[in-house]
Amino acid sequence: MKPYTPQEIEEKWQEKWEKSRLFNVKEDPQKPKYYCLEMFPYPSGRIHMGHVRNYSIGDVVARYKRMRGFNVLHPMGWDSFGLPAENAAIKHGVHPAKWTEENIAFMKKQLKRLGFSYDWDREISTCEPEYYRWEQKIFIEMLEKGLAYKKKAPVNWCERCHTVLANEQVIGGKCWRCGEEVVIKDLEQWFFRITAYAEELLEGLKKLKGKWPERVLTMQENWIGKSEGAEIEFEVEGLNEKIRVFTTRPDTVYGITFMSVAPEHPIVEKLIKNHPEYEKVKQEIERLKKQPKSARLMESFEKEGIFTGSYCINPFTQERVPIFVANFVLYEYGTGAVMAVPAHDQRDFEFAKKYNLPIKVVIQPEGKSLNPEEMEEAYEGEGILVNSGPFTGMKNEEAKKAIIKYMEEKGFGKGAVSYRLKDWLISRQRYWGAPIPVVYCPECGIVPVPESELPVTLPKNAPFSGVGNPLEQVEEFVKARCPKCGKEAKRETDTMDTFVESSWYFFRFCSPKYDKGPFKKEEADYWMPVDQYIGGIEHAVLHLLYSRFYTRVLRDLGYTELDEPFDALLTQGMVIKDGAKMSKSLGNVVDPDDMIEKYGADTVRLFLLFAAPPERDLDWSDQGIDGCFRFLNRLWRFIQKHIDEVKEAKGDFEPDKLSDGAKELVKKTHKLIQKVTADIEDRFHFNTAIAAVMEYLNFLYDVESRLELNSEEDKKALRDAFEKLALLLSPFVPHFADEIWEALGNEGFTLEQPWPQHNPEWVKEKETTVVIQVNGKVRSRIQVPVNLPEEELKNIALNDERIKKWIEGKNIVKVIVVPNKIVNIVVR
RNA sequence: GCCCGGGUGGCGGAACUGGUAGACGCAGGGGACUUAAAAUCCCCUGGGGUCAAUCCCCGUGCGGGUUCGAGUCCCGCCCCGGGCACCA
């Protein structure tokens with residue numbers, strides 16, 4: 001018997017697939033399209049198990065949809081700008097471009113060895129000028145629309161990566177990439193105005209409900225952080241200045257007893273100007289400013305403040321309100337100033353206690369009476385307004401509206417919305433990224449590079465010393481002519497955040513070679529949106545939010561009509577070994593290449609799909625993969641054993657002429673088709689689909705002896721079973737499937753075959769097991785014909801031998817009959 | 001603190017809208033084949049009732065509840081993972 005030799009088989013089919021251009025697609029208006037996309041990798045050097053899992057899941061989806069008759073776009077490429085390449089240059093003296101290219105070549109080989117159904121003709125690499133020139137063009141268009149802009153602002157700086165970071169890229173006060181503590185610097189930087197889309201991005205989440213994982217939606221919702229309230233202006237006494245505050249509690253304005261502003265707030269200088277101890281106060285404020293942001297963001301961090309010496313006027317009460325500078329007030333959020341109502345805000349309460357400021361109750365909860373002297377914490381709940389002028393007696397929710405209306409009439413305040421989301425800081429002080437296409441002219445200021453001069457390419461000869469941005473040191477690069485006036489100008493040396501490339505690559509896959517724009521509209525109109533996107537949860541906010549934003553920008557620039565780039569999202573779990581994420585430092589890394597060498601790609605893929613449902617973390621198990629290998633071998637042997645008998649038995653069998661065993665076989669086969677199809681289609685539960693095939697194989701060994709394999713009809717039935725099996729397995733273990741397909745004497749590839757359909761007649765059961773319970777406990781099981789009427793079921797149950805002893809001498813209170821399932825006899 | 005997940009045998013995991021808990025795989029045990037081993041094939045395997053059973057009891061993190069019936073629904077807790085967090 002021919003043994004199962006995955007190495008040989010897999011290489012053979014990979015060659016055949018490539019030669020026949022099996023995976024190459026183009027637009028076809030006759031067919032429904034399906035865009036299946038997995039997050040493309042950063043070419044770090046080697047594929048790891050997480051990639052293999054991600055791409056195996058995607059490949060099942062792509063191949064399955066293809067067999068279901070869809071025109072499937074399934075591309076792959078490289079997110080190839082990024083720091084590791086540059087760090088390799090600094091450390092080993094190899095140019096980032098070379099390092100990247102070599103990694104891509106190696107990893108591409110690895111992916112090919114796994115047999116994924118990618119259309120490699122569409123491969124893109126984001127570090128190529130052919131790619132990033134379009135990003136530069138879009139940047140300029142964004143600049144013209146005011147969606148890209150430069151401003152001086154306090155920004156996150158990573159000392160180890162030597163560059164600034166966007167907010168989303170700071171995880172718990174640390175750099176997302178290297179874990180270094182982030183410091184705040186005041187720098188002039190480029191931003192994308194993502195906040196202009198805050199409301200739309202939030203609204204859009206609603207449409208994704210049910211198609212994206214709940215937790216991703218919540219994370220984005222939290223990140224955008226919308227809060228509704230009001231903005232109020234307070235006149236500063238003795239100054240011709242106003243302080244604006246944002247509050248979610250306009251209903252508490254009568255309880256304001258002081259005001260807090262951020263140390264960074266520009267008005268601070270004016271507020272303290274006339275303070276008798278100006279120098280001392282100034283120093284104190286400087287001290288607060290210098291407190292590290294990561295510490296200041298901690299809730300446990302001590303709340304500190306200092307009186308500025310100035311007062312403002314509460315427009316509702318005309319009371320004088322002292323103004324403090326406080327370390328807990330964030331300049332970046334809201335208006336950088338807060339009205340303090342200690343009776344109804346815990347943080348203000350603590351501050352008031354510390355500095356002995358008055359506490360004024362303006363909301364009384366129902367049935368209780370708050371007394372400022374006795375309060376141990378702020379009351380932040382609902383209630384009735386007291387001491388609140390004309391608003392006294394109102395329910396606080398009602399009062400919010402009334403007070404906003406009043407302010408709007410009087411003109412010192414209005415209803416307002418605030419977001420936690422901040423603009424996306426996209427400039428990076430690094431070499432290996434897309435250059436930001438502007439020049440600085442002493443006469444004309446910031447001038448965009450004209451489209452005809454794009455792309456602005458990276459100079460090859462930059463020095464990688466590890467100090468500063470290499471681009472600054474390349475004179476030919478920095479030296480430029482102003483496109484407007486022709487005078488000598490300085491080129492921008494910042495490059496773009498690499499998340500910009502990954503924010504639109506899915507569009508580029510639709511027309512990867514297009515040289516007249518980022519992508520061809522008709523092609524993108526055909527393929528987009530991505531029907532199924534698959535990747536890690538770590539991009540819940542970062543990449544997935546940026547892409548949603550960028551798609552809307554492209555829409556507003558006229559490139560597409562689409563709002564949302566990804567229709568459905570699947571976030572797969574991590575691959576774990578011994579309870580921890582695989583990592584070099586823990587020494588628990590399993591290398592895909594080793595596994596492929598030992599078992600073949602099909603087994604590796606099968607195990608990753610079988611060991612857990614896709615969204616859950618997966619425990620790598622050496623015995624587990626062994627089991628999958630055994631399964632394939634076992635199946636292989638069974639088929640090989642009968643291949644000569646069934647090979648020629650082509651054509652339909654006559655059901656009536658089948659042996660009982662063969663009838664059973666056909667029935668089971670159709671049930672399997674039904675099960676596997678449902679598991680893939682409805683829930684992507686590949687693990688249970690594979691389990692069903694394993695079960696089916698166990699059945700094959702069982703039914704084997706009951707088949708009459710000298711009968712032509714039985715042979716046909718078995719052959720049919722093998723064919724169906726090959727097709728059902730094709731998305732999971734494509735090489736194996738094609739090998740069997742061929743061994744059965746068929747032409748072509750399983751991928752080109754239509755997905756098998758179950759025949760409802762064969763799936764119908766004649767008999768079924770009904771459980772008989774007494775008081776909810778299973779006491780007996782009976783075999784009965786399907787759809788037996790309730791009355792009959794009831795009688796059979798009541799007369800069942802095993803049931804008698806449970807109901808003898810008892811009162812039958814009632815009998816519940818669920819046809820085909822259960823009879824429950826309630827006795828007392 | 002708030003918001004999402006999740007908690008089922010020795011392990012990974014099944015159980016669709018409440019209706020046979022533990023599919024499938026791993027690990028373990030027994031048997032067949034073999035001079036022997038590996039491989040393979042067959043059987044057993046949640047805990048307990050001193051053997052067995054087509055017998056009985058218990059059992060899906062804990063405590064209550066709804067229901068003829070709860071892993072599944074409701075209320076209150078505990079634990080694990082993740083996100084947000086001085087956001088005004």
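In what follows, chains are A, B, ... by sequence order, proteins preceding strands, each numbered from 1.
- Here Pro213(A) lies out of heavy-atom contact (under 4.0 Å) with every strand.
- Comparing atom distances between the Ile816(A) side chain and each of U40(B), C4(B), C68(B) picks out C68(B) as nearest.
- Between Glu264(A) and Lys289(A) no salt bridge is recorded (no basic side-chain N to carboxylate O distance below 4.0 Å).
- Nearest-nucleotide positions on RNA chain B for Met219(A) and Val338(A) put Met219(A) closer to the 5' end.
- Contacts of Trp806(A) with the nucleic acid, taken as non-hydrogen atoms under 4.0 Å apart, involve only primed sugar atoms and P, OP1 or OP2.
- Looking at Arg347(A), its side chain comes within 3.5 Å of the base of A88(B) through a donor and an acceptor atom.
- Under the 3.5 Å distance criterion, the side-chain polar atoms of Gln572(A) are left unmatched by any main-chain donor or acceptor of Pro614(A).
- The side chain of Asn687(A) sits closest to G13(B) out of G13(B), G82(B), C3(B).
- Across all strands, Thr247(A) comes closer than 4.0 Å only to sugar-phosphate atoms, never to a base (heavy-atom distances).
- Picking from C84(B), C87(B), C68(B) the nucleotide with the shortest atom distance to the side chain of Tyr333(A) gives C87(B).
- The closest side-chain heavy-atom distance from Phe258(A) to Met339(A) is not below 4.5 Å.
- Within 4.0 Å (heavy atoms only), Asp617(A) reaches sugar-phosphate atoms of the nucleic acid but no base atom.
- A cation-pi geometry, defined here as NZ or CZ lying under 6.0 Å from the six-membered ring centre and within 45° of its normal, holds between Arg634(A) and Tyr701(A).
- Nucleic acid contact for Glu695(A): sugar-phosphate only, since backbone atoms but no base atoms lie under 4.0 Å from a heavy atom of the residue.
- Both tests do not hold together for Lys303(A) against Phe351(A): distance to the six-membered ring centre under 6.0 Å, angle to the ring axis within 45°.
- Using the six-membered ring where Trp is involved, His543(A) and His539(A) have ring planes that are perpendicular, over 60° apart on the 30 and 60° scheme.
- For Arg630(A) and C26(B), the shortest distance from a side-chain N or O to OP1 or OP2 is below 4.0 Å.
- Using a 4.0 Å heavy-atom criterion, one finds that Arg828(A) contacts no nucleic acid atom at all.
- Considering only the side chain of Thr218(A), C3(B) comes nearest among C26(B), C57(B), C3(B).
- Residue Arg779(A) places no side-chain N or O under 4.0 Å from the OP1 or OP2 atom of C55(B).
- Computed from coordinates, the Glu214(A) CD to C2(B) C1' distance equals 16 Å when rounded to whole Å.
- G71(B) and G7(B): their P atoms are spaced 14 Å apart (whole Å).
- In this structure, the nucleotide among G82(B), U54(B), G12(B) sitting nearest to the side chain of Arg802(A) is U54(B).
- The shortest distance between the side-chain N/O atoms of Ser227(A) and the OP1/OP2 oxygens of A88(B) is below 4.0 Å.
- Comparing Ala337(A) and His685(A) against RNA chain B, the residue whose closest nucleotide sits nearer the 5' end is His685(A).
- Under the 3.5 Å distance criterion, the side-chain polar atoms of Asn820(A) are left unmatched by any main-chain donor or acceptor of Val786(A).
- Relative orientation of the Tyr333(A) and Phe246(A) rings is perpendicular, given thresholds of 30° and 60° on the angle between their planes.
- Heavy atoms of Gly627(A) sit under 4.0 angstrom from primed sugar atoms or phosphate atoms, though from no base atom.
- Across residues 668-681 of chain A, not one residue has a non-hydrogen atom less than 4.0 Å from an atom of RNA chain B.
- Remark: Lys804(A) does not engage Asp800(A) in a salt bridge, criterion side-chain N to carboxylate O under 4.0 Å.
- Between Lys641(A) and the phosphate of U40(B), there is no side-chain N or O to OP1/OP2 separation shorter than 4.0 Å.
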Nucleotides 42-48 of chain B: which of its N/O atoms have a protein N/O under 3.5 Å away?
| from | atom 1 | to | atom 2 | distance (Å) |
| --- | --- | --- | --- | --- |
| C42(B) | OP2 | Arg634(A) | NH1 | 3.4 |

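- Using a 4.0 Å cut-off, no side-chain N or O of Arg637(A) falls inside it from OP1 or OP2 of A39(B).
- Between the side chain of Lys303(A) and the base of C86(B) there is at least one donor-acceptor pair of N/O atoms closer than 3.5 Å.
- Taking 4.0 Å as the cut-off between side-chain N and carboxylate O, Glu233(A) and Arg244(A) do not count as a salt-bridged pair.
- Here the separation of C33(B) from A23(B), taken at their P atoms, is 29 Å to the nearest Å.
- Each of G19(B), U20(B), C57(B) was ranked by its minimum atom distance to the side chain of Val771(A); first place goes to U20(B).
- The nucleotide whose nearest atom lies closest to any side-chain atom of Asn824(A) is, among C4(B), C87(B), C68(B), C68(B).
- In Lys354(A), the NZ atom is crowded: over 12 heavy atoms of neighbouring residues, nucleotides or ligands sit closer than 6.0 Å.
- Listed nucleotides: C56(B), C86(B), A23(B). Nearest to the side chain of Ala691(A): A23(B).
- Ranking C86(B), A27(B), U20(B) by closeness to the Phe328(A) side chain, first place goes to C86(B).
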